[in-house]
Amino acid sequence: MFDPACGSGVFLKEVLRQLSLKNYQGKVRLEGWDISPAAIDMARFILLYEKDQISSKFSIDVEICHRDSLDRTHQWSNDVDIILMNPPFLSWNHMNKKQRELVKESLGDLMQKTPDLSSVFLWKGVKSISSKGVIACILPTSILDAQSHLKIRESILAQIDLYLVGKLGNDLLFSNAEIYTTILVAQSPKNNKFALSLWADHKLESSSAVLRALRRYNYYGRDPFNVVDQNGFSIYENPSLNDNLISWSPRSYKAFNLLRQLEKFSKVKDIFKIRQGVLTGFKAAFLLSKETIEALPKKERKFFRPAIVTESISNSHLLDVSYVFYPNSKDLPKIDSENDLDKYVEAYYQTYLLPNKSKLISRSRKSENTWWTLNEYRAWQVDRKPKLVSTCFGKAGSFAWDGSGDYVAVQGYAWFLKKSNIFSEKLGLAYTAILSCPFINNLLASVSNHVGRGQLDLSIRYIENMPIPDLTASNLDLDTLESLYKIGGLISSGEDFDDRALNELVLSLYQLQSNTISLLEL
DNA sequence: TCTTGCTACAGCGTCGAGTG
DNA sequence: CACTCGACGCTGTAGCAAGA
């Protein structure tokens with residue numbers, strides 16, 4: 001048994017305890033490596049003590065080494081029976097140049113984008129287990145669905161089978177860390193059995209409850225009909241886990257079932273092209289409230305456009321509470337220098353840009369000649385085109401119709417039709433109605449991740465997999481479209497509407513029974 | 001009544017990579 | 001090389017509670 005990041009050796013110690021409880025009779029060799037000398041001292045002390053306590057029962061061989069597991073000079077063995085580890089988490093953003101080089105080199109062909117340091121441990125671990133081995137680790141959640149780890153997931157499945165993938169939905173399980181944690185267990189040889197999905201919501205008590213349930217579940221033996229489906233956590237066999245590379249991320253059992261039911265349904269990515277909004281690089285200088293804009297001289301105001309930020313969308317209703325400095329429009333004079341700034345937007349330049357010059361110029365990829373520009377202005381927003389817009393994080397009702405195309409997505413996304421350049425108001429408002437229906441929350445939970453205790457991540461990579469009716473289909477009932485359009489119009493302008501009628505309509509579009517909604521409360 | 005601590009929540013900025 | 005896209009991983013802070 002090997003732990004390449006053993007710390008004070010708690011996992012190794014627990015293995016001994018478990019073997020002893022199970023009356024193990026054979027031999028066991030424990031190997032632990034760690035980069036911290038202090039941890040190694042503790043591990044040696046603890047394991048020596050533990051060995052002393054139980055050495056009468058079976059033969060124990062312990063080797064604890066002070067070494068860096070990622071150092072090339074230390075080869076990982078290739079016939080380990082059990083790897084149990086909690087490797088260090090280190091995001092690409094926080095790595096120094098040397099660490100980045102090391103990750104690149106260690107991952108080789110599997111290197112893409114911005115992987116986490118822990119992925120190197122995972123991959124080396126998978127290659128190290130014997131033909132009849134098991135690897136179990138605690139990892140950051142990005143291992144499960146980030147594009148940066150896609151090739152690693154692919155290579156893992158080529159070699160071994162997943163046994164359990166668990167997500168503990170609370171980001172504060174470890175003190176001094178704020179990260180969503182995943183449990184991953186995989187085994188060799190491949191046996192084509194279904195893997196278990198284990199899910200807990202964002203409440204702290206759900207994480208401990210699901211682990212208690214797992215112990216019970218294991219104690220009574222695995223049984224595909226034995227599903228744990230509680231309020232806040234679930235455990236179930238997931239037939240698609242071992243051939244799904246896009247996401248291993250566990251969902252609640254109800255969300256999982258709903259998605260399976262709608263497997264063949266059209267998806268957001270079939271109908272929409274979604275784009276990420278502006279990234280300012282320094283919000284305080286570029287985003288102004290409506291009142292502030294109105295205090296600027298009139299001739300400067302045309303250099304600003306209403307912005308989509310979180311407060312801009314409330315119950316599918318669009319509000320121009322915030323404006324962004326957007327001088328890129330075609331009908332405006334080009335601003336290429338500080339002279340131009342002084343000429344066209346003097347008041348704004350003096351009050352908001354100049355006082356922040358040092359901060360603005362320190363942004364990456366910005367220089368003396370470009371310090372007043374947005375980090376990413378998004379060329380597609382220059383032309384005003386009708387679009388659906390959404391916030392960054394949210395739920396049903398966090399979507400709205402921007403018929404004039406005036407709005408610039410900043411902290412949010414814009415949806416355009418894929419097949420047509422013309423996005424009619426009828427379609428726009430009809431989709432607004434669908435996306436404001438409470439049932440959408442169930443669908444969002446089945447494709448996306450929670451962030452910050454509750455709201456869902458509306459990022460492209462999640463939401464593009466959400467089932468959604470194709471209102472452009474030729475066989476669509478025109479009465480339905482008309483009704484949706486009318487309701488969408490009411491919602492969009494903040495007026496009252498018949499929400500029960502909308503629910504019925506949306507469920508019928510999804511071809512679901514109208515009683516599904518109560519069954520599917522998430 | 002003022003100060004400090006804590007919890008809940010909502011975005012932000014950097015950067016790898018694709019395109020032409 | 002210039003330009004553009006979207007992924008990624010936590011950080012900042014308002015507002016309330018507890019303590020002085």
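In what follows, every chain begins at residue 1, and chains take the letters A, B, ... in the order their sequences are listed. Quick caveat, the model's predicted, so the values are computed rather than measured.
Lys273(A) comes within 4.0 angstrom of the backbone, heavy atoms only, and of no base. Nucleic acid contact for Ile274(A): sugar-phosphate only, since backbone atoms but no base atoms lie under 4.0 Å from a heavy atom of the residue.
At dG13(B), one or more side-chain N or O atoms of Thr280(A) fall inside 4.0 Å of OP1 or OP2 (strictly under the cut-off). At the phosphate of dT4(C), neither OP1 nor OP2 sits under 4.0 Å from any side-chain N or O atom of Trp380(A). Regarding contacts with the backbone of dC5(C), every side-chain N or O of Lys113(A) stays at 4.0 angstrom or more from both OP1 and OP2. OP1 and OP2 of dG6(C) both lie 4.0 Å or more from every side-chain N or O belonging to Arg378(A). For the pair Thr114(A) and dG16(B), the criterion of a side-chain N or O lying under 4.0 Å from OP1 or OP2 is not met. Distances shown here put every side-chain N or O of Ser142(A) at or beyond 4.0 Å from the OP1 or OP2 atom of dC8(C).
Scanning atom types as modelled, one donor and one acceptor separated by under 3.5 angstrom connect the side chain of Gln276(A) and the base of dA7(C). If you check distances only, the side chain of Glu376(A) does reach the base of dC15(B) with a donor-acceptor pair under 3.5 Å.
Each of dG9(C), dT4(C), dG16(B) was ranked by its minimum atom distance to the side chain of Ser91(A); first place goes to dG9(C). Distances from the side chain of Trp92(A) to the nucleotides dC8(C), dG16(B), dT11(C) place dG16(B) closest. When each of dT14(B), dG6(C), dG9(C) is scored by its nearest atom to the side-chain atoms of Ser364(A), the top-ranked nucleotide is dT14(B). Here dG16(B) is the nucleotide among dG16(B), dC5(C), dA7(C) with the atom lying nearest to any side-chain atom of Arg365(A). Nearest nucleotide to the Arg363(A) side chain, out of dA17(B), dT14(B), dG6(C): dT14(B).
Between Ser459(A) and Asn375(A), it is Asn375(A) whose nearest contact on DNA chain C lies nearer the 5' terminus.
Aromatic pair Trp76(A)/Phe2(A): ring centres closer than 6.0 Å. Ring centroid separation for the pair Tyr348(A) and Phe304(A) comes in under the 6.0 Å cut-off.
With rounding to whole Å, Leu279(A) atom CG is found 14 Å from dT4(C) atom P. Whole-Å rounding puts the Glu311(A) CD to dT13(C) P distance at 15 Å. Rounded to whole angstrom, the span from the CD1 atom of Ile463(A) across to the P atom of dA7(C) amounts to 12 Å. The interatomic distance linking Leu107(A) (CG) with dG16(B) (P) rounds to 15 Å, in whole Å.
Side-chain contact between Val278(A) and Gln381(A): present, with at least one pair of heavy atoms (C-beta onward) separated by less than 4.5 Å.
Between Ala136(A) and Val185(A), the shortest heavy-atom contact is CB-CG2, 4.0 Å.
The only option from Ile293(A), Leu288(A), Val408(A) that meets the side-chain contact (heavy atoms from CB on, under 4.5 Å) definition with Val324(A) turns out to be Val408(A).
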